[in-house]
There are 2 protein chains.
Amino acid sequence: MTKKLNTKGMLIETASRLFRMRGYDGVGLNDILKESGIPKGSLYHYFPEGKEGLAVEAIRHTKGVVIGFIEEVFERTEDPIKAVQNHICELVEVMRDEKEPVGFPIGAIASEKHSTSEPIRKACHSAFEEWKETYSRKFIRAGYSEKQAEDLGIIILAVIEGGILLSLTAKSDKPLRVIAEQIPMLLAKKSG
Amino acid sequence: MTKKLNTKGMLIETASRLFRMRGYDGVGLNDILKESGIPKGSLYHYFPEGKEGLAVEAIRHTKGVVIGFIEEVFERTEDPIKAVQNHICELVEVMRDEKEPVGFPIGAIASEKHSTSEPIRKACHSAFEEWKETYSRKFIRAGYSEKQAEDLGIIILAVIEGGILLSLTAKSDKPLRVIAEQIPMLLAKKSG
DNA sequence: ATTATATTAGACCGGTCGGTTTAATACGTG
DNA sequence: CACGTATTAAACCGACCGGTCTAATATAAT
């Protein structure tokens, strides 16, 4: 009972990591197999739907990890704007660490496959939705209106996803650092 | 002299369009060839470096098209904040048109290949840089400080790239519409 | 011990990938 | 026209792709 979960879980974790880094088509089944040391027969035993099924579960896994990452910071910081700022700062830290590369968590796979695989598109959409709601909830708890919180959630998610992409492409944490720095200015309530 | 440019140009345009939609590994050379009706020999005549070289030129082409798209709107609108808002609104319009799909202009290819191909990563980085500077210039001309303009350029680029990704994944223009709607609130100068 | 089941192992498949090669053909220029 | 170059054409290559299949092997229950 323990070995089973380990094998399947190892497959999901390895796939999640590789997909984050190189997207869907950039990762072969054999890459995942070699890196996890698991034979091909096992993969098709646990994932009879093959690569696509494995990818859907890998996306679900990444979604959960990221939610945990967000909530851990949010629990420590009451003010929602400061919380978002801290969240982005921690993201910068994590991305600096080259041992466990973060990549573009869902973005790489989403941008590749959104038009060619509905199951994958839906899985990515679900991840984005839940991340957005995790942000929104923080603002609702702080007294923002539902519409305000929803809109801010979308904007925060967009600017973070975009910032990660810019930082990866520039090989520099500057874009994300600038975004973190400017978050209070961006989100500050002004007239009303 | 005319046919040459047409053949090479057709190759670049077709590659640009397909890469935007499905990323790098998602597009085979044969897809590009079939769609443009050009034989493989010609491709390797014009692009002896093969797929990677073609991709670099396709990215350069996309970069130029997007700059033209931005500047056309910017010329019509003096106020930089309104100009950015109009730009995003036009982006929503263009993406609604399914005849000439926009995709995730550089994002798809950047997120896939940033870690595995330096030439492609650099080409994408160059595109992002120039887009950012196109935004920044608008704010400098309106009297913003250099640092302010630079930071705003990064943020606008990030939120747009992220918004496109969210809209494509959601199959909805809502994320981009919300971003456009909130742009004045985000960029409004407050204290200072 | 026996049986049923879950899992591992990896050879194998057809198809497609990016890329190479060679020969034919169009074309510009003297 | 003749000649050298630019271009087209497609057969072909080895490598790798995702996926299938069958047999061996653990594992658990009776």
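Below, read A as the first sequence line, B as the second, and so on, with proteins coming before strands; counting in each chain starts at 1.
Within the 4.0 Å cut-off from OP1 or OP2 of C:dG18, not a single side-chain nitrogen or oxygen of B:N30 is found. Side-chain nitrogen and oxygen atoms of B:T7 include none within less than 4.0 Å of the OP1 or OP2 phosphate oxygen of D:dT7. Phosphate proximity of C:dT8 to A:S42: present, with a side-chain N or O under 4.0 Å from OP1 or OP2.
Over its length, the helix from C:dA1-D:dT30 to C:dG30-D:dC1 turns its helix axis by 10°, as judged from the five terminal pairs at each end, rounded to 10°.
Between the side chain of B:D31 and the backbone N or O of B:G28 there is at least one donor-acceptor pair closer than 3.5 Å.
Between B:E129 and B:K132, at least one side-chain N (NZ, or NE/NH1/NH2) sits under 4.0 Å from a carboxylate O, which counts as a salt bridge. Salt-bridge check for A:E35 with A:R22: failed, with every basic side-chain N at 4.0 Å or more from each acidic carboxylate O. A salt bridge links A:R76 with A:E72; the closest basic N to acidic carboxylate O contact falls under 4.0 Å.
No more than 12 heavy atoms of other residues, nucleotides or ligands shown are found within 6.0 angstrom of CD on A:E49.
Each of A:G41 and A:V27 was assigned the nucleotide of DNA chain D with the nearest heavy atom; the assignment lying further toward the 5' end belongs to A:V27.
In this structure, B:Y44 atom OH and C:dG18 atom P are separated by 7 Å, rounded to whole Å. Protein atom CG of A:L18 is 16 Å distant from nucleotide atom C1' of D:dG18, rounded to whole Å. We find that CG of A:N6 is positioned 12 Å from P of C:dT7, with the value rounded to whole Å. The distance between atom OH of B:Y46 and atom C1' of D:dA9, rounded to the nearest whole Å, is 14 Å. As a whole-Å value, the separation of B:D25 CG from C:dG19 P is 11 Å. In this structure, NZ of A:K8 is placed 17 Å from C1' of C:dT8, rounded to the nearest angstrom. Computed from coordinates, the B:F47 CZ to C:dG18 P distance equals 15 Å when rounded to whole Å. Distance NZ (A:K34) to P (C:dA9): 17 Å, rounded to an integer number of Å.
Here C:dC17 is the nucleotide among C:dC17, D:dT7, C:dT7 with the atom lying nearest to any side-chain atom of B:D31. Nearest nucleotide to the A:K40 side chain, out of C:dA11, D:dT8, C:dG19: C:dA11. Among C:dA6, D:dG18, D:dT8, the nucleotide with an atom closest to any side-chain atom of B:H45 is D:dT8.
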Note to self: salt bridge (Lys or Arg N to Asp or Glu O under 4.0 Å), that's the test. Do B:R121 and B:E118 meet it? Break it down for me.
What the structure shows: CA-CA 5 Å; B:R121 200 209 104 236; B:E118 268 301 284; 2.6 Å; yes
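A cation-pi arrangement is absent between A:K138 and A:Y144 under the rule of less than 6.0 angstrom and at most 45 degrees off the ring axis.
Residue A:G28 is classed as a sugar-phosphate contact, given heavy-atom separations below 4.0 Å to backbone atoms only. Contacts of A:G50 with the nucleic acid, taken as non-hydrogen atoms under 4.0 Å apart, involve only primed sugar atoms and P, OP1 or OP2.
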